[in-house]
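Below, chain A is the first sequence line, B the second, and so on; all start at residue 1.
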2 protein chains.
Amino acid sequence: MKKAAATRLHLLQQAFELIYRKGYQATSIDDILATTKVTKGAFYYHFKNKDEMGLAIINELLKPILASSFIEPLQANENPLDAIYNLMHGLLLENDFLKVEFGCPAANLTQEMTPWNTDFSSVLNELTQQWSELMTSVLEKGKQTGVIRKDVNAAQVTLFVMSGYWGVRNFGKLANSKAVYLPYLKELKSYLQSLT
Amino acid sequence: MKKAAATRLHLLQQAFELIYRKGYQATSIDDILATTKVTKGAFYYHFKNKDEMGLAIINELLKPILASSFIEPLQANENPLDAIYNLMHGLLLENDFLKVEFGCPAANLTQEMTPWNTDFSSVLNELTQQWSELMTSVLEKGKQTGVIRKDVNAAQVTLFVMSGYWGVRNFGKLANSKAVYLPYLKELKSYLQSLT
DNA sequence: TGTAAAAGAAACTAATTGGTATTTTTTATG
DNA sequence: CATAAAAAATACCAATTAGTTTCTTTTACA
């Protein structure tokens, strides 16, 4: 029972790729089968239905990837403001899992699925919650060590920074160019500087 | 030939409502016909196809509405930083055309359509371009009148602010609550303050 | 190696999709 | 009022959708 796991993973990965590109609803099961060369029988052996596969993608692929891209960089032991800046720089310019023309997969799914699928929303909410809590705690630590002003509201800054990230990915998508990321990062840097 | 214009408008308005809620691809023509009680013959008399209707929605409905919500408030003759803050406050908390649970219609369409429809992208790009240019010029004026530091990069600030707006709407959507808008606005205020 | 269970193939539904062709009803105007 | 054009209704179509059913092939492992 090893090959089975391989086809399952193959399905998840290719399906994610398609969904990241075109959106969840625009990606049909037949699309996925055509690109994976997997038959319908195999697909429905592995997944009860399309939504179960979608949730598996989020839980088994997206979660770990986002953890290493969004969470781990914040845990580097450096100045919190540098950590946040470096995180964003890495996400926007260096991460080659995230493509400028397709935006942020978590943001895409949030926007598409939230109005009508509560299962997707709640797991996406968990992801952002986790990211948010970590960033807030990192900022709090900065206040304690004195590199950040005491009157800064950490949770507020977190929301502000995360919003900017999600938003600028939409601009990158619209412009289909990483060029917009440079001025964004410059302004982020001076904003973060204003918190000292 | 007056009733015809009325059914056309009715189609556009109801279709916009559905698309704003569920997305463009998830809104079928049959959906639109069911809610408007218009027949297919009438629909295809007014529009060549679905995409032509979609573009008509953007050009004839969305553009004017966004102009009055996003453009006009910036033209008020006040301190540029106040103008921007008040604009955002109005958009997030007072504008009753924009619904928290559905996000920003322009951002939604950008995210959904950009990867595969260039017609939609280019008209959406125009919209954001227009907004962006105005905000930048307002900031420049603030630099001239001395209420904003000379070393502030206006275009950079514009991108930063607009990104935050788009992003926070996604958070509001995910949380399905305007509650996130309050801390966002507080941080926006202190960020804008840091530009003086 | 034999065999039961896991995995996959193939052919199928029933519903929905965007769109068309044809006919009927309204409407403006000479 | 007559009538031609505009507007709307009706019935249809081929393609695609998610999902089922039935059957065959692999696979792990006793």
Partner set under salt bridge (charged side-chain N to carboxylate O under 4.0 Å, His left out) for B:Asp31, not counting sequence neighbours: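 Partners of B:Asp31 by the salt bridge (charged side-chain N to carboxylate O under 4.0 Å, His left out) criterion, ordered by chain and then number, come out as B:Lys22.
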
Nucleotide of C:dG19, D:dG19, C:dG8 approaching A:Thr7 most closely (side-chain heavy atoms):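 From the listed options, C:dG8 comes nearest.
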
For nucleotides 9-16 of chain D, print each protein N/O atom paired with a nucleotide N/O atom at under 3.5 Å, atom names and distance only.
residue	atom	partner	partner atom	Å
D:dA9	OP2	B:Thr39	OG1	3.0

Polar contact flag, side-chain donor to acceptor under 3.5 angstrom, A:Asp51-A:Tyr24: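 Result is yes, a qualifying pair exists.
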
What integer distance in Å separates [X]:[atom1] from [N]:[atom2]?
| X | N | atom1 | atom2 | value |
| --- | --- | --- | --- | --- |
| B:Met53 | C:dG18 | CE | C1' | 11 Å |
| A:Gln25 | C:dT17 | CD | C1' | 14 Å |
| B:Ile32 | C:dT16 | CD1 | P | 16 Å |
| B:Asp31 | C:dT17 | CG | P | 6 Å |
| A:His10 | C:dG8 | NE2 | P | 12 Å |
| A:Ile29 | C:dT16 | CD1 | C1' | 15 Å |
| B:Tyr44 | C:dG18 | OH | P | 7 Å |
| A:Lys50 | D:dA18 | NZ | P | 5 Å |

Audit row: A:Ile58, A:Leu109, side chain to side chain contact (heavy atoms under 4.5 Å, CB included) steps and yes/no: CA-CA 10 Å; A:Ile58 297 180; A:Leu109 284 170; 4.1 Å; yes

Check: B:Lys173 and B:Asn170 side chains under 4.5 Å, non-hydrogen atoms: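 Answer yes - side chains close enough.
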
Partner residues of B:Phe97 under the ring pair (Phe, Tyr, Trp, His ring centres under 6.0 Å) criterion, sequence neighbours left out: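 Ring pair (Phe, Tyr, Trp, His ring centres under 6.0 Å) list for B:Phe97, sorted by chain: B:Phe16.
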
Aromatic plane relationship, A:Tyr191 with B:Tyr191 - under 30° parallel, 30 to 60° tilted, over 60° perpendicular: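 It falls in the perpendicular class, over 60°.
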
N or O in side chain of B:His46 less than 4.0 angstrom from D:dA8 OP1/OP2: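 Indeed, a polar side-chain atom of B:His46 lies that close.
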
